[in-house]
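Reading through the structure tokens given below for one structure.
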Amino acid sequence: MAKHDFRYFFHEGLSNMFSHGFMSFAAIGITVACLLIMGTFTLVAVNANELLRTLEQENEILAYVDDSYTETQARALKQTLEAIPNVASATFISKEEAMESFTEQYPDEALFQDLDPEILRDRFAIKVVDLQQQSATVEQVKAVEGIAKVNAYEEIAGGFITVRNVATVVCVALIAILFVVSVFIISNTIKLTTFDRREEIAIMRMVGATNGFIRWPFVYEGFLFGLIGAAVAFFLQWGLYSAVAKGVDTNDTLQLIQIIPFTDMWLPVAATFVAAGVVIGVGGSLSAIRKFLQV
């Protein structure tokens with residue numbers, strides 16, 4: 001494509017956008033709204049996934065050591081446990097440490113303050129790499145000689161996995177639907193522009209203009225719709241996200257929820273918005289002009 005062609009196409013696309021002020025405003029507004037909704041659902045999913053990942057890391061399997069083992073023998077099991085596939089770490093907790101933790105949980109219960117640590121067992125707090133493989137890991141831990149009992153909250157682990165999977169499916173489905181809606185709206189907007197210029201397009205075809213020459217101004221128009229919409233949506237998303245994050249941080253009942261700072265994500269968010277906006281705009285333009293030109 002020659003440089004003067006590029007300038008002509010860009011100028012025509014820009015001219016088309018401004019010559020249909022209300023429709024252009026509507027197209028950009030719809031693009032902004034769709035990107036904002038898609039971005040919001042995506043950021044919620046990202047934060048939910050991060051929260052679930054944190055909870056997964058805190059989920060533990062408790063492996064109790066046989067009473068016949070001395071503390072030295074019990075500690076020696078650490079290497080065997082950490083060699084099991086899917087085990088991220090195995091932290092030894094002595095009887096005394098377990099009793100200290102127990103009494104700290106119930107500081108107002110006098111009966112619990114003078115208990116003999118010997119009534120407890122040495123144990124290991126085991127963290128796994130992948131919760132979906134926790135059941136198999138539990139069976140392997142039980143098979144270790146010297147491990148008398150294993151406690152694993154598999155219902156909780158299963159709940160984490162279910163929530164994560166459902167959230168992912170819902171988020172992907174909503175984003176896909178909104179993306180299709182955005183392309184459809186942009187396509188209809190470009191169709192109206194094309195219809196208004198049908199006589200000009202007919203003359204251009206009569207004098208030998210190629211479909212590509214006719215199509216490119218509309219592609220640039222869609223590109224501009226998407227780019228402007230992406231820029232506006234990005235800054236609105238930034239402001240909305242920051243406001244919600246501030247509200248969560250200052251709410252005492254939501255202190256357990258950690259919001260990822262937008263400054264840690266702004267670059268991928270901006271790139272995604274621009275890419276999605278351009279694809280929506282150009283995709284809508286190509287869809288509209290292809291049907292009109294019947295190519």
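FYI, side chains are in, hydrogens and waters are out, and symmetry mates aren't considered; it's all heavy atoms of this structure.
Of the possible donor and acceptor atoms, one in the side chain of Gln73 sits under 3.5 Å from a partner among the backbone N and O of Thr70. With hydrogens and angles ignored, the 3.5 Å screen pairs no side-chain donor or acceptor of Asp122 with any backbone N or O of Ala74. Formation of a donor-acceptor pair under 3.5 Å by the Glu71 side chain with backbone atoms of Ser94 is not found in this model. Panel note: side chain Asn47, backbone Ile260; a donor-acceptor pair is recorded below 3.5 Å. Formation of a donor-acceptor pair under 3.5 Å by the Glu82 side chain with backbone atoms of Ala90 is found in this model.
One finds the CZ atom of Arg123 at 10.0 Å from the CD atom of Glu97 (value rounded to the nearest 0.5 Å). Atom-to-atom distance recorded for Ile177:CD1 and Ile37:CD1 is 11.5 Å, nearest 0.5 angstrom. Arg75 contributes atom CZ, which lies 8.0 Å from atom CZ of Phe124 (distance to the nearest 0.5 angstrom). Atom CD of Gln237 is separated from atom OG of Ser242 by 9.5 Å, given to the nearest 0.5 angstrom. If you take CD1 on Ile126 and CD on Gln134, they are separated by 10.0 Å, rounding to the nearest 0.5 Å. In this structure, the separation between CG on Leu43 and CD1 on Ile259 is 10.0 Å, given to the nearest 0.5 Å.
Partners of Phe273 by ring pair (Phe, Tyr, Trp, His ring centres under 6.0 Å), not counting sequence neighbours: none found. Partners of Thr272 under the side-chain contact (heavy atoms from CB on, under 4.5 Å) rule, at least two apart in sequence or in another chain, do not exist in this structure. When the salt bridge (Lys or Arg N to Asp or Glu O under 4.0 Å) test is applied to Lys246, no partner is found at least two apart in sequence or on another chain. Residues satisfying the ring pair (Phe, Tyr, Trp, His ring centres under 6.0 Å) criterion with Tyr241, sequence neighbours excluded, are Phe262. For Val169, there are no side-chain contact (heavy atoms from CB on, under 4.5 Å) partners two or more places apart in sequence or in a different chain. Not counting sequence neighbours, the partners of Asn151 by the side-chain contact (heavy atoms from CB on, under 4.5 Å) test are Leu62, Tyr64, Lys149.
Using a 4.5 Å heavy-atom cutoff, the side chains of Ile28 and Thr31 are not in contact. Inter-residue side-chain proximity for Val150 and Ile61 is flagged as met; some heavy-atom pair is nearer than 4.5 Å. Contact of the Asp66 side chain with the Tyr69 side chain is registered, since non-hydrogen atoms from C-beta on lie closer than 4.5 Å. At a threshold of 4.5 Å between non-hydrogen side-chain atoms, the residues Val144 and Ile84 count as touching.
Between Gly229 and Val32 the shortest heavy-atom distance is O-CG2, 3.4 Å. Contact detail for Val65 and Arg121: the closest heavy-atom pair is O-CD, 3.6 Å. The two atoms that bring Ala230 and Gly277 nearest to each other are CB-CA, 4.5 Å, heavy atoms only. The minimum heavy-atom distance between Leu36 and Ala233, with the atom names listed, is CD1-O, 3.7 Å.
Both Trp266 and Phe41 are members of a single hydrophobic cluster when ILVMFWY side chains are connected at heavy-atom separations under 4.5 Å. With hydrophobic clusters built from ILVMFWY side chains whose heavy atoms lie under 4.5 angstrom apart, Ile93 does not share a cluster with Val138. Under the 4.5 Å side-chain heavy-atom criterion for ILVMFWY residues, no single connected hydrophobic cluster contains both Val172 and Val46.
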Item to check | Stepwise side chain to side chain contact (heavy atoms under 4.5 Å, CB included) check, Val232 with Leu236 | outcome: CA-CA 6 Å; Val232 174; Leu236 287 176; 3.9 Å; yes

Item to check | Derivation and outcome, side chain to side chain contact (heavy atoms under 4.5 Å, CB included), residues Val87 and Val129 | outcome: CA-CA 6 Å; Val87 170; Val129 177; over 6 Å; no

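The aromatic rings of Trp238 and Phe235 lie parallel to each other, with less than 30° between the two planes, well short of the 60° mark.
A 6.0 Å sphere centred on CZ of Phe92 holds more than 12 heavy atoms belonging to other residues, nucleotides or ligands.
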